[in-house]
Amino acid sequence: MSTLTSLTRALADERRELTGADRRAISELARDQAAHLQNLLRDATAGTGALALATQPEPTVPLAGILREAAALVPAHRRTARATMRAGSCPVPAGRTRQVLVNLVQNALRHGPAEGQIGLYAALRGDGLSILVTDEGRVDDALLTAVRRPAPGGGMSGLGLWIVRQLVAVDAGAVRVHRVRPRGVALEVLLPSCRPVV
């Protein structure tokens, strides 16, 4: 729900100049998030678990499109988004990857400096795919706890990162935290067995 709220706020913020492409990307994310919430509600009322949805087969799409959509959440003067051609063409589970990147970008916007730079980067590492979301914040105990927590904590604190870890685990992936020099933090999602579309 907080994701959908953030997306609609971004669209309604008159102080923020959005390009047509940004507006379309945010609108598509909001539409997809609303559909995701409908599915969660339907499954909850049918008695299935919320994360059971994550294990269902879903279509794959090239990473580049999802990376662009998630980057559109960041004001243009604060963002950098780059993917190698091979990484951008990697097929990824559409819904899970979109949710992972939206959660990580929202965390960067919420916890990084107000006017800090946010980066989204993707490259191949060995046979797998590495996706980094960076901001100019810092690695602290709260972040490390959220990334390592085996179960959701009380309240909303760290819930987004816990969900990211669960979604990434479905694809046998991992989430890592790195310090960025001279300052900053990078959350890295590692997904195995990427076969770029040629």
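Every heavy atom of this structure was used, including side-chain atoms; hydrogens, water molecules and symmetry mates were not.
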Quick one: pull up [atom1] in [X] and [atom2] in [Y] and give me the separation to the nearest 0.5 Å.
X: Ile131; Y: Leu187; atom1: CD1; atom2: CG; value: 12.0 Å
X: Leu101; Y: Glu69; atom1: CG; atom2: CD; value: 9.5 Å
X: Leu167; Y: Gln99; atom1: CG; atom2: CD; value: 6.5 Å
X: His111; Y: Gln106; atom1: NE2; atom2: CD; value: 10.0 Å
X: Leu63; Y: Leu120; atom1: CG; atom2: CG; value: 9.5 Å

Taking all non-hydrogen atoms of both residues, which atom of [X] and which atom of [Y] are closest, and how far apart?
X: Thr84; Y: Ala123; value: OG1-CA, 3.9 Å
X: Asp140; Y: Leu143; value: OD1-N, 2.9 Å
X: Leu109; Y: Leu73; value: CD1-O, 3.8 Å
X: Val168; Y: Ala174; value: CG1-N, 3.3 Å
X: Ala83; Y: Leu67; value: CB-CD2, 3.7 Å
X: Gly173; Y: Leu191; value: CA-CD2, 4.3 Å

Worksheet item: For residues 162-174, which residue pairs qualify under salt bridge (Lys or Arg N to Asp or Glu O under 4.0 Å), counting only residues two or more places apart or in two chains?
Response: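 As it turns out, the salt bridge (Lys or Arg N to Asp or Glu O under 4.0 Å) pairs with a partner in residues 162-174, which skip direct neighbours, are Arg96-Asp171.
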Discussion item. Quick test of your reading: applying salt bridge (Lys or Arg N to Asp or Glu O under 4.0 Å), list the pairs with at least one residue in residues 111-137, sequence neighbours left out, ordered by first then second residue.
Written reply: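 Checked against salt bridge (Lys or Arg N to Asp or Glu O under 4.0 Å) - neighbours excluded - the pairs reaching residues 111-137 are Arg125-Glu188, Glu136-Arg183.
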Worksheet item: For Ala94, which residues count as a side chain to side chain contact (heavy atoms under 4.5 Å, CB included) partner, sequence neighbours excluded?
Response: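 Glu58, Val61, Arg98.
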Practice prompt. Using side chain to side chain contact (heavy atoms under 4.5 Å, CB included) as the criterion, list what pairs up with Ala186, not counting sequence neighbours.
Written response: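 Side chain to side chain contact (heavy atoms under 4.5 Å, CB included) check on Ala186 returns Leu132, Thr134, His178, Val180.
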Heavy-atom side-chain proximity of [X] to [Y] below 4.5 angstrom:
X: Asn107; Y: Val164; answer: no
X: Trp162; Y: Val147; answer: no
X: Cys90; Y: Leu124; answer: yes

Worksheet item: Is there a path from Tyr121 to Val133 through hydrophobic residues (I, L, V, M, F, W, Y) whose side chains come within less than 4.5 Å of each other?
Response: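 As far as the 4.5 Å side-chain criterion goes, Val133 and Tyr121 are not connected within one cluster.
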Worksheet item: Linking I/L/V/M/F/W/Y whenever any side-chain heavy atoms sit under 4.5 Å apart, do Leu190 and Val100 land together?
Response: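 In one cluster with Leu190: Val100, no.
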Item to complete: With side-chain contact (heavy atoms from CB on, under 4.5 Å) as the test, would you mind laying out the steps for Val185 and Arg179 before giving the verdict?
Response: CA-CA 5 Å; Val185 59; Arg179 283 184 172 83; over 6 Å; no
Discussion item. Treating Arg78 as the side-chain partner and Gly116 as the backbone partner, does any N or O pair qualify as donor plus acceptor under 3.5 Å?
Written reply: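 Judged by distance alone, yes, a pair lies under 3.5 Å.
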Worksheet item: Within the distance-only criterion (no hydrogens, no angle test), does the side chain of Arg79 pair as donor or acceptor with the backbone N or O of Val74 below 3.5 angstrom?
Response: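 Yes: the side chain of Arg79 pairs with the backbone of Val74.
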Discussion item. Please determine whether side-chain contact (heavy atoms from CB on, under 4.5 Å) holds for the pair Leu129 and Val92, giving the CA-CA distance in whole Å, both sets of side-chain angles, and the decisive distance to 0.1 Å.
Written reply: CA-CA 10 Å; Leu129 175 64; Val92 294; 3.8 Å; yes
